[in-house]
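Each remark here refers to the structure printed beneath this line.
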Amino acid sequence: MTTTTEFAPGLTLQGFTPPLNLSDFKLIAFDMDSTLINIECVDEIADAAGRKPEVAAITEAAMRGEITDYKDSLRRRVALLRGVTVADMEQVLTQRLQLNPGAEALVKACKAAGLKVLLVSGGFTYFTDVVSDRLGIDYTRSNVLEIESGPNCGQLTGRMVDQPWGDICDGEEKRKMLLETCALLGISPQQAIAMGDGANDLPMMGEAGLSVAYHAKPAVRAQAMVAINEGGLDRLLDVLR
């Protein structure tokens with residue numbers, strides 16, 4: 001069993017000796033909700049429909065790994081969003097969504113060291129597109145919410161739209177996208193860093209050369225090589241040079 005050591009207050013390591021060279025890595029992959037940003041977007045959209053407690057309970061169970069079928073859990077949550085308007089989502093975007101502390105500093109440092117940046121999210125393109133533009137992210141994969149046309153134009157249908165790569169970005173799709181991006185860049189997955197907080201991030205974290213848990217669920221902290229339990233995302237730079 002690998003020994004976990006407290007490298008600094010709120011920063012634990014297992015399975016390697018720091019520092020590692022940031023420039024030895026060529027890709028960093030991030031989860032979005034509760035990792036790069038401060039909210040779970042699906043929960044906040046549900047708030048507009050008066051269904052936040054119901055949706056948030058499913059989200060929490062899925063992130064802890066208690067719901068093994070992530071796709072089913074997401075379909076159940078999205079079905080409860082039926083009737084929410086694009087204006088409601090815009091309000092979540094402008095009034096609730098913020099980048100987590102250290103997000104910009106970490107992405108900037110990675111780009112300066114020559115890394116490409118990947119955002120893989122079980123959330124929605126409505127939000128990933130904005131976060132991606134704000135941070136200058138190179139590649140993204142996330143889910144598309146279906147919007148009504150006709151009389152209820154501008155309202156969510158409670159369904160998602162299939163995409164050329166598949167139906168829903170779940171843990172397996174995150175893993176696949178990480179491996180596809182590595183292949184595209186002509187690098188080994190050992191040259192990738194993967195960062196997340198929930199159970200559906202574990203498949204991609206398991207492939208990466210460096211796995212990082214950010215304010216994560218216990219199961220994710222237990223498996224990550226770096227666990228940032230206090231402070232911002234840029235604390236990862238404390239173990240890299």
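Just so it is clear, the structure is predicted and the values come from calculations on it, not from any experiment.
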For Arg96, run the salt bridge (charged side-chain N to carboxylate O under 4.0 Å, His left out) check against Glu90, Glu44, Glu40 and tell me which one passes.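 Running salt bridge (charged side-chain N to carboxylate O under 4.0 Å, His left out) over Glu90, Glu44, Glu40 with Arg96 returns exactly one hit, Glu44.
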Just so I know, are the side chains of [X] and [Y] near enough to count as touching, which here means a heavy-atom distance under 4.5 Å?
X      : Y      : result
Pro19  : Val239 : no
Val131 : Ile37  : yes
Leu115 : Lys26  : no
Ile39  : Asp33  : no
Leu22  : Leu20  : no
Cys182 : Leu27  : yes

Less than 4.0 angstrom from a charged side-chain N to a carboxylate O is my criterion; do [X] and [Y] meet it?
X      : Y      : answer
Arg235 : Asp238 : yes
Arg77  : Asp43  : no
Glu172 : Lys71  : no
Glu60  : Lys217 : yes

Please walk me through it: do Thr157 and Arg82 pass side chain to side chain donor-acceptor pair (under 3.5 Å)? CA-CA 5 Å; Thr157 64; Arg82 186 175 179 183; over 6 Å; no
Nearest 0.5 angstrom please: [X] [atom1] to [Y] [atom2], how far?
X      : Y      : atom1 : atom2 : result
Tyr214 : Asn100 : OH    : CG    : 4.5 Å
Leu119 : Asp31  : CG    : CG    : 8.0 Å
Leu11  : Glu230 : CG    : CD    : 9.5 Å
Ile193 : Leu118 : CD1   : CG    : 12.0 Å
Phe25  : Gln191 : CZ    : CD    : 9.0 Å
Leu210 : Asp24  : CG    : CG    : 11.0 Å

For the side chain of [X] and the backbone of [Y], is there at least one donor-acceptor N/O pair under 3.5 Å apart?
X      : Y      : answer
Arg221 : Ala227 : no
Lys111 : Gly136 : yes
Asp201 : Asp197 : yes
Gln14  : Ala224 : yes
Ser211 : Met225 : yes
Asn143 : Gly122 : yes
Glu173 : Met177 : no
Asp88  : Thr85  : yes
Asn152 : Gln155 : no
His215 : Gly232 : no

Please walk me through it: do Ser142 and Ser121 pass side chain to side chain donor-acceptor pair (under 3.5 Å)? CA-CA 5 Å; Ser142 57; Ser121 174; 5.6 Å; no
Glu146 and its side chain to side chain contact (heavy atoms under 4.5 Å, CB included) partner, picked from Val161, Val78, Leu156: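 Of the listed residues Val161, Val78, Leu156, the side chain to side chain contact (heavy atoms under 4.5 Å, CB included) partner of Glu146 is Val161.
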Worked verdict on Val117 versus Tyr139 for side chain to side chain contact (heavy atoms under 4.5 Å, CB included): CA-CA 7 Å; Val117 185; Tyr139 311 102; over 6 Å; no
